[in-house]
Amino acid sequence: MIGNEIEAALNKQISAEANSSHLYLAMASWAETRGFEGVSNFFYSQSDEERQHMLKLVRYVNERGGHAKAPAINEPSKMFDCLTHVFQNFLDHEVKVSALINDLVHLCHEKRDYTTQNFLQWYVAEQIEEEALARTILDKLKLIGDDKGGLYLFDRDVNQLTVTSAAAPDINA
Ligand code: FEO
């Protein structure tokens, strides 16, 4: 059985994951209207992933005898000027989510809820990967700068970028 405080904290995280999904949907749509098809597909998949993160929490809370609430979703307030701006927002957002997960793990430790603490380890690992991916992509964009040919190739190849490809020499090959 899950404690009230942990249940409330997990419900807050459910809301955060749902809002992440919505933010990435806004990014996908922005990219699609600007002709960046690859970036748009990237953020549509990120949006789907965040929904999976949310659902995993929903199922866990209910399995442990709590009640997961379907959260209210805020309209993303940010407008984007360029790809670097979008991916900087992606990184900033993931850094914030990592801090939320860390706070949750800390709370579990305080409340001696080691089952939930263990469950959250998957999210800890996921956050490391997502932050690393966002940094990798931002580094690539900084190298490309305003070069239109470079941006065209970046858009074509962005879905192939993974954390491990951070060390790859050239996405334009
Ligand atoms: Fe579910 Fe990207 O944090």
Side-chain angles (χ1 to χ4, degrees), residues 2 5-32 36 38-64 66-80 83-109 113 115-142 154-155 157-166:
I2 206 165
E5 214 171 323
I6 299 284
E7 181 181 351
L10 291 176
N11 266 305
K12 265 176 91 177
Q13 191 61 32
I14 286 169
S15 168
E17 301 291 349
N19 280 289
S20 298
S21 174
H22 214 52
L23 174 62
Y24 298 157
L25 176 64
M27 290 176 174
S29 182
W30 177 88
E32 196 161 45
F36 293 117
V39 172
S40 158
N41 287 333
F42 174 87
F43 280 112
Y44 279 127
S45 341
Q46 289 297 318
S47 178
D48 286 346
E49 265 194 39
E50 297 301 344
R51 181 172 163 77
Q52 292 306 317
H53 296 178
M54 178 197 74
L55 287 173
K56 200 173 163 76
L57 280 158
V58 166
R59 304 298 293 269
Y60 177 78
V61 168
N62 291 340
E63 263 170 33
R64 301 270 299 141
H67 183 182
K69 309 277 168 53
I73 311 275
N74 301 316
E75 183 180 352
S77 56
K78 293 215 159 80
M79 296 305 288
F80 312 107
L83 285 182
T84 305
H85 187 213
V86 170
F87 280 98
Q88 184 65 55
N89 271 284
F90 175 46
L91 173 60
D92 294 346
H93 188 76
E94 288 301 328
V95 168
K96 272 190 221 152
V97 173
S98 296
L100 294 176
I101 298 289
N102 282 344
D103 289 348
L104 262 176
V105 171
H106 182 70
L107 180 68
C108 290
H109 190 71
D113 183 344
T115 309
T116 304
Q117 189 177 353
N118 190 43
F119 165 79
L120 288 171
Q121 288 313 304
W122 182 87
Y123 287 84
V124 171
E126 184 74 9
Q127 283 314 120
I128 293 170
E129 283 200 13
E130 294 205 333
E131 278 190 38
L133 178 60
R135 286 198 179 89
T136 300
I137 294 177
L138 259 183
D139 287 347
K140 300 279 182 202
L141 277 174
K142 281 177 189 157
F154 170 85
D155 184 57
D157 296 339
V158 67
N159 278 308
Q160 290 162 31
L161 279 174
T162 59
V163 177
T164 43
S165 76

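Numbers here simply count residues along the sequence, with the first being 1. First listed ligand is number 1; within each ligand, the first listed atom is number 1.
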About how many Å separate CD of Glu126 and NZ of Lys56, when rounded to the nearest 0.5 Å?
9.0 Å
Glu17 near atom 1 (Fe) of ligand 1: N/O/S under 2.8 Å
yes
Do Tyr24 and Phe90 make the cut of ring centroids closer than 6.0 angstrom?
yes
The atom of Glu50 among N, O or S that is nearest atom 2 (Fe) of ligand 1 is OE2
Regarding Glu130, does it place an N, O or S atom less than 2.8 Å from atom 2 (Fe) of ligand 1?
yes
Please confirm whether Phe87 and Phe43 have ring centers closer than 6.0 angstrom.
yes
The atom name of the N, O or S atom in His53 nearest to atom 1 (Fe) of ligand 1 is ND1
Can you confirm whether more than 12 heavy atoms, excluding those of Arg64, are under 6.0 Å from its CZ atom?
yes
